[in-house]
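Just the heavy atoms: all of them, side chains too, but no hydrogens, waters or symmetry mates, feed the values below. Chain letters run A, B, ... following the sequence lines, proteins first, then strands; residues in each count from 1. Values in this document were obtained by computation on a predicted structure and should not be read as measured data.
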Amino acid sequence: MSTNPTIENPDDILPALRALKEQLFSLEATAEIKKCSEETRKAFVAERMRLTETILDLETAQLSEIRQDLEEQGEALNEGITELTTSLKKLEKAAQWAQSLSSVLSVVSKIVPAL
Amino acid sequence: MSRKKLRPPLRRKSGALEKQGREGRRRMLGRRGWWVAIGFLLLLESGCSGGGRLQEFQQIAAIGADYTRAVDGALVRTGQLKIQANSLEMLGNRELTEISRQDFEKQDAALREFLVELTLLRQQVLGLGDYFLALGALAGSNAPGQLADGLNQSASSLGAISGTLNKRMGSGSFANVGNTMAAGAAVGEIAIKKRRMRDLQRELTERHQIVDGILDLQEQLLGVFFEVAKESQDFVGQTAYEAKVTGPFIGSTSPLPCVPLWLSDREAGLLAGPLTEQLDLVIKANRSLQVTWQKLLSDEIELLEFPALAKAVADALAGPVGIPASAPPAYWNCPQILTTKGDEE
């Protein structure tokens with residue numbers, strides 16, 4: 001079983017809670033609690049579930065913070081995608097024009113000798 | 001002594017013939033001039049080494065797109081492992097006491113919030129992938145070649161048309177148009193390639209810091225997911241294996257509830273590839289990509305460096321080498337597992 005980590009700053013909270021959860025879900029703890037009364041087991045399980053929910057909430061908050069930063073950058077990135085796509089369309093338009101011209105002239109070149 | 005009469009000057013040629021001669025000389029000079037111009041431009045293009053730089057853009061775009069797929073895959077697997085770990089926790093809780101609907105739904109709600117956040121993050125990751133794809137599409141565009149082909153084909157057609165018209169009209173005045181277009185094809189191809197390179201370089205200059213910032217944030221994100229994956233992995237790997245495989249097996253000779261399931265659980269438990277190792281590989285790929293991206297901006301990158309980056313990303317995509325587990329047994333192999341309390345009564 002891992003030793004309890006000390007909490008010196010907010011970044012230590014999540015590791016500390018995870019370490020606590022590891023202890024509460026360990027085989028030793030589970031074996032001991034199985035010997036206790038129904039009331040004790042109920043309270044124990046309630047605390048375990050609350051701990052799991054707290055850890056989930058903290059992890060979600062951590063991810064949300066990073067996600068919001070990414071979204072801010074994402075807007076500028078979308079501008080880049082638009083500009084790159086516009087550049088590509090302009091190039092392709094020029095190429096398309098040349099291809100269309102070649103198709104038209106190819107037809108004309110077949111018609112002219114027959115006139 | 002009579003002076004030899006000076007020979008009179010040569011009679012001037014007739015107007016039409018002279019005009020033809022002048023035009024012929026002009027055409028020849030014009031044609032030669034065009035080829036000189038094209039030769040000069042081709043020399044200029046090769047001297048600018050635009051081709052190598054273009055390849056750098058293509059390479060990083062392709063590798064960048066693969067990298068985002070590796071990150072996305074790692075995020076998805078972490079989400080799956082998180083659900084698995086939470087489900088096993090709830091099964092463990094259920095073994096100790098009855099769980100109310102309210103408590104079960106609270107767990108579901110917390111897990112759903114986590115998964116919603118994960119989904120939104122995947123969108124951001126795939127957004128970077130779209131950017132790399134757009135970069136690659138511009139860098140790898142065949143538009144210059146298509147433009148040149150189109151103009152060259154047009155030149156041939158014009159040549160055929162002008163040949164016919166010249167015969168009819170008895171003049172050579174239509175010949176220049178086809179030649180001009182052929183020359184224009186080469187010039188046009190160079191111009192469009194330069195434009196593409198200019199647009200790519202401008203894009204890199206304008207948005208290099210944005211991409212740099214995103215890669216840095218993704219490195220932080222992968223760090224968070226590493227811790228999440230480690231916790232889930234430890235629980236699923238050790239606790240679940242103990243509960244499903246070791247625990248039921250030792251200390252008793254009673255028949256196991258479901259042998260096929262026990263066999264499958266043992267195989268899966270022993271062969272399970274650690275997700276944290278894959279996340280390690282993705283983090284390494286992220287760092288390599290950050291370095292390469294910086295080098296691309298300062299034009300310090302060499303094409304020889306790309307295979308190493310491509311390998312780092314390919315390793316991240318493939319994950320750690322392992323043996324795949326067989327498919328679990330069909331549920332009907334273990335009817336006892338499916339028996340509910342209601343059925344028993």
Side-chain angles (χ1 to χ4, degrees), chain A residues 14-15 18 21-22 25-27 30 33-34 38 41-42 44-46 48-49 52-53 55-57 59-60 62-64 66-67 69-71 73-74 76-85 87-88 90-92 94-109 112-113 115, chain B residues 86 89 92-93 96-97 99 103 106-107 110-111 113-114 117-118 120-121 124 127-128 130-131 134-135 137-138 141-144 146-151 153-154 156-158 160-161 164-165 188 192 195-196 199 203 206-207 210-211 213-214 217-218 220-221 224 227-228 231 234-235 239 242:
Chain A
L14 210 42
R18 284 181 179 137
K21 185 178 159 189
E22 190 189 338
F25 275 95
S26 67
L27 290 172
T30 307
I33 209 70
K34 273 179 178 172
E38 168 68 24
R41 291 203 308 268
K42 217 175 176 70
F44 179 78
V45 165
R48 273 203 325 197
M49 287 198 295
T52 299
E53 284 154 26
I55 290 173
L56 269 169
D57 288 343
E59 286 170 346
T60 305
Q62 234 181 3
L63 294 179
S64 176
I66 297 175
R67 190 251 309 159
D69 288 340
L70 280 169
E71 278 176 355
Q73 306 286 345
L77 204 66
N78 284 337
E79 277 174 27
I81 294 173
T82 304
E83 286 197 24
L84 285 166
T85 311
S87 296
L88 181 63
K90 282 180 184 166
L91 291 185
E92 287 177 345
Q96 236 172 32
W97 165 83
Q99 297 280 326
S100 303
L101 177 67
S102 126
S103 303
V104 166
L105 287 174
S106 169
V107 168
V108 170
S109 70
V112 162
L115 291 174
Chain B
N86 186 264
E89 283 174 22
N93 289 331
L96 293 176
T97 189
I99 308 293
D103 286 340
K106 272 174 74 180
Q107 285 280 297
L111 196 49
E113 287 289 320
F114 177 87
E117 206 52 55
L118 196 154
L120 292 171
L121 280 161
Q124 293 304 313
L128 183 63
D130 288 342
Y131 177 82
L135 198 70
L138 183 59
S141 167
N142 193 29
Q146 286 174 340
L147 176 92
D149 285 346
L151 290 177
Q153 283 159 19
S154 299
S156 297
S157 301
L158 275 171
I161 294 167
T164 309
L165 290 175
I192 210 171
R195 181 173 166 180
R196 175 176 57 183
D199 289 349
E203 177 56 38
E206 279 181 15
R207 260 164 283 273
I210 299 290
V211 174
I214 289 174
L217 282 168
Q218 285 189 359
Q220 290 176 42
L221 178 71
V224 170
E227 295 304 321
V228 170
E231 191 216 352
D234 287 348
F235 184 81
T239 310
E242 180 65 34

Exercise. In terms of heavy-atom pairs under 4.5 Å, which option from A:Glu92, A:Glu71, A:Arg18 contacts chain B the most?
Worked result: A:Arg18
Problem set entry | Between NZ on residue B:Lys106 and CG on residue A:Leu56, distance to nearest 0.5 Å | 12.5 Å
Seminar exercise, completed: Okay, B:Glu206 and chain A: the region with an atom under 4.5 Å from a heavy atom over there is side chain
Exercise. Of all heavy-atom pairs between A:Glu38 and B:Leu96, which one has the smallest distance, and what is that distance?
Worked result: OE1-O, 4.3 Å
For this session: With a 4.5 angstrom heavy-atom cut-off, could you sort out which part of B:Leu128 is near chain A: side chain, backbone, both or neither?
Result: both
Exercise. Just by distance, do the side chain of A:Arg41 and the backbone of B:Thr97 share a donor-acceptor pair under 3.5 Å?
Worked result: no
For this session: Answer with side chain, backbone, both or neither: which region of A:Arg67 has an atom nearer than 4.5 Å to a non-hydrogen atom of chain B?
Result: both
Exercise. At what distance, to the nearest 0.5 angstrom, does CG of B:Leu111 lie from OG1 of A:Thr60?
Worked result: 8.5 Å
For this session: Identify, with sequence neighbours excluded, every residue that meets side-chain contact (heavy atoms from CB on, under 4.5 Å) alongside A:Gln96.
Result: none
Exercise. With only heavy atoms counted, which part of A:Leu77 is less than 4.5 Å from chain B, the side chain, the backbone, both or neither?
Worked result: both
Exercise. With only heavy atoms counted, which part of A:Glu83 is less than 4.5 Å from chain B, the side chain, the backbone, both or neither?
Worked result: side chain
Problem set entry | Shortest non-hydrogen separation from B:Asp103 to A:Met49 and the atoms involved | CB-CE, 3.5 Å
Exercise. Between B:Asn93, B:Ile192, B:Asn86, B:Asp130, which shows the greatest number of heavy-atom pairs under 4.5 Å with chain A?
Worked result: B:Asn93
Exercise. Contact part of B:Tyr131 toward chain A, heavy-atom cut-off under 4.5 Å: side chain, backbone, both or neither?
Worked result: both
For this session: Determine the minimum heavy-atom distance between B:Val224 and A:Leu63, stating which atoms define it.
Result: CG1-CD2, 3.6 Å
Exercise. If you count heavy-atom pairs under 4.5 Å between each of A:Arg48, A:Gln62, A:Lys34, A:Lys42 and chain B, which one has the most?
Worked result: A:Arg48
Problem set entry | Interatomic distance, B:Arg207 atom CZ to A:Glu79 atom CD [nearest 0.5 angstrom] | 6.0 Å
Problem set entry | Nearest heavy atoms of A:Ile81 and B:Gly127, plus distance in Å | CD1-O, 4.0 Å
Exercise. Can you find a heavy atom in the side chain of A:Leu14 that is under 4.5 Å from one in the side chain of B:Glu227?
Worked result: no
Exercise. Minimum heavy-atom separation for B:Glu89 to A:Lys21, with atom names?
Worked result: OE2-NZ, 2.6 Å
For this session: Below 4.5 Å from any heavy atom of chain A, which atoms of B:Gln107 appear? Answer side chain, backbone, both or neither.
Result: both
Exercise. Which one of B:Glu242, B:Glu203, B:Arg196 has the most heavy-atom pairs closer than 4.5 Å to chain A?
Worked result: B:Glu203
Problem set entry | Proximity breakdown for A:Glu53 and chain B, heavy-atom pairs closer than 4.5 Å | both
Exercise. Between A:Ala94, A:Gly80, A:Gly74, A:Ala46, which has the largest tally of heavy atom pairs under 4.5 Å with chain B?
Worked result: A:Gly80
Problem set entry | Test log, rule side chain to side chain contact (heavy atoms under 4.5 Å, CB included), inputs B:Leu138 and A:Leu91 | CA-CA 9 Å; B:Leu138 183 59; A:Leu91 291 185; 3.7 Å; yes
Problem set entry | Closest contact, heavy atoms only, A:Val45 versus B:Ile99 | CG1-CD1, 3.7 Å
Exercise. With only heavy atoms counted, which part of A:Asp57 is less than 4.5 Å from chain B, the side chain, the backbone, both or neither?
Worked result: side chain
Exercise. Once you round to the nearest 0.5 Å, how far does OG of A:Ser26 lie from CZ of B:Phe235?
Worked result: 10.5 Å
